[in-house]
There are 2 protein chains.
Amino acid sequence: MQWCRCGMLTQERKAHILAVLQREGRVVAKAVSQTLGLSEDTIRRDLRELAAEGRLQRVHGGALPASPALADFAGRTKVSPEGKIAVGRAAAALVRPGQVVFVDGGTTAVQLARHLPPDLRATVVTHSPSIAVALVDHPTVEVELIGGRLFKHSIVTTGAAAIEAIARIRADLFFMGVTGVHPEAGLTTGDAEEAAVKRALARQSAETVVLASAEKIGAASRYLVLPVAEVSTIVIESRLPQVAASAYTALGVRLLTAK
Amino acid sequence: MQWCRCGMLTQERKAHILAVLQREGRVVAKAVSQTLGLSEDTIRRDLRELAAEGRLQRVHGGALPASPALADFAGRTKVSPEGKIAVGRAAAALVRPGQVVFVDGGTTAVQLARHLPPDLRATVVTHSPSIAVALVDHPTVEVELIGGRLFKHSIVTTGAAAIEAIARIRADLFFMGVTGVHPEAGLTTGDAEEAAVKRALARQSAETVVLASAEKIGAASRYLVLPVAEVSTIVIESRLPQVAASAYTALGVRLLTAK
DNA sequence: CTTGACTATGCACGAAATTGCACGAATCCT
DNA sequence: AGGATTCGTGCAATTTCGTGCATAGTCAAG
């Protein structure tokens, strides 16, 4: 497989599509076909294949970002709300009165915040302004916000200031969100700074609880946060097959099924 | 006719509707159709579908947020939206490229954040998670969040940690929200901690600009932040009577009328 | 060198989707 | 109550999608 007559490798074409997607946040099939001088069928085929690989989200007329790296926060909220809600509710039930808990950013964590019992007296420490805003209406929970430079993609603060502020606090629990949970690859996320902040939070907590909605299980992202063995609990959406579950329990991790 | 090729994919349009909904707390079908240059039928169809998915609540003429939590926040924002929007927009125009500005909490300040020019390159430092969230969608503005204990009533952080973090930064401008602006009583607010944080922010800024929607003028709250003479500009909603204005200009303060 | 398998691309055609328009009904404002 | 706006549905025009098939080029084996 060498050359197509237009002098562009298939791989190059796909790379071009992804580049356009990254640069402009969208791809229009017809526009690409005109730019490259190829038929729309070819572009549509590429789009289908890229969608099958999960590299983009196919929509009528073209494609939009599907990767967590580019999808905007509002868009991600809809991905699988039921699962995230269930995981968030199950995790919220783990908080005991009087505890100080770290809550990570992310949509699942927002669900956790919303499902904290209305009469719970506890302190939530978070580096996510979204979590803080979500807890404004809670009558009894105290909120402590970790400052720092805002990483807009995840809506969390990062950087030296954040790490420093975290180092001054010790918490009972840390509810961690990740983008990948894999027995061997470990707990992973898509940004190095974010991973560092998560590690700092885990280091200052007696226990770490991972919030893992269904699509995260078995996935892996670019940056390792922690090996699976270093957390105490993973909250999952639905029961795993016995064989998959044992891969985690063998590492001393408790699996908590949300529903 | 080439509607579909006008650069707006259906999914993008829905995302836009949801973004407007989140930003402004409501969506008006006609307004969206004019903004996007599409027929109202199309927008109404989108609204129906989004409502069927439970992502918003359909009402006559447009839509409202589905989530009561969001509706609540939006409701507070709407107390006197026109005036606050006008003041926010006028204040946003004061920011020069490359500047570092403190932005206070409050609904007027949120309007400021929303009206920062989309191509403005600047750094916003804020102790309000609401401001941080409002700026997530801004493409070029850097956001630095001041951590601390969350004062839920105003949705800002306060306390020693906040004061300390503020002391490490110097800004060109500070956009301050207050609850009272009075020539003799000065600039006042309803909480002592909040007043202290505002003072700390003013101390670290070259200039302080007060955001004063109409109902604040001539009012006074319990805690003094600063005397009027110590700020450089007060942005007001509409022109004051000559005699009232001179009470401020005599103190060396510039009055900036929003509209 | 020839032949067969394979891939990539383009074209055709029916199916599906999207959009604007028309018209009557429902709803809102004055 | 009356006028105006908005809503919902049906319909037509256009675009886009998916599949099947033909063509061209490449690779590997004989």
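Throughout, protein chains are lettered first and strands after them, A, B, ... in sequence-line order, and every chain is numbered starting at 1. Both backbone and side-chain heavy atoms feed into the values below; hydrogens, waters and symmetry mates do not.
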Closer than 4.0 Å, any side-chain N/O of [X] to the OP1 or OP2 of [N]?
{"X": "A:Arg58", "N": "D:dC17", "answer": "yes"}
{"X": "B:Thr10", "N": "C:dT19", "answer": "yes"}
{"X": "A:Arg13", "N": "C:dA8", "answer": "no"}
{"X": "A:Arg44", "N": "D:dT16", "answer": "no"}
{"X": "B:Thr42", "N": "C:dT19", "answer": "no"}
{"X": "A:Lys30", "N": "D:dT15", "answer": "no"}

Given the structure, check if the side chain of A:Asp41 and the base of D:dC17 hold any donor-acceptor pair shorter than 3.5 Å. no

Answer with yes or no whether B:Arg45 presents, from its side chain, a donor or acceptor under 3.5 Å of a partner atom in the base of C:dG20. yes

For residues [X] and [Y], is any side-chain donor paired with an opposing acceptor at under 3.5 Å?
{"X": "B:Glu237", "Y": "B:Ser213", "value": "no"}
{"X": "B:Arg121", "Y": "B:Thr140", "value": "no"}
{"X": "B:Thr179", "Y": "B:Ser221", "value": "yes"}
{"X": "B:Ser39", "Y": "B:Thr42", "value": "yes"}

What is the distance from [atom1] of [X] to [atom2] of [N], rounded to the nearest Å?
{"X": "A:Leu36", "N": "C:dT9", "atom1": "CG", "atom2": "C1'", "value": "14 Å"}
{"X": "A:Asp46", "N": "C:dA8", "atom1": "CG", "atom2": "P", "value": "10 Å"}
{"X": "B:Leu47", "N": "D:dT5", "atom1": "CG", "atom2": "P", "value": "19 Å"}
{"X": "A:Glu49", "N": "C:dT9", "atom1": "CD", "atom2": "P", "value": "9 Å"}
{"X": "A:Leu38", "N": "D:dA24", "atom1": "CG", "atom2": "C1'", "value": "15 Å"}
{"X": "A:Glu40", "N": "D:dG18", "atom1": "CD", "atom2": "P", "value": "13 Å"}

Is a salt bridge present between A:Arg45 and A:Glu49, judged by a nitrogen-to-oxygen distance below 4.0 Å? no

Pick base, sugar-phosphate or nothing for A:Val59, based on heavy-atom distances below 4.0 Å to the nucleic acid. sugar-phosphate

Proximity to the side chain of B:Arg48 - top-ranked nucleotide from C:dC11, D:dG8, D:dC7: D:dG8

Give the nucleotide from the list C:dG20, D:dC7, D:dT16 with an atom nearest to the side chain of B:His60. D:dC7

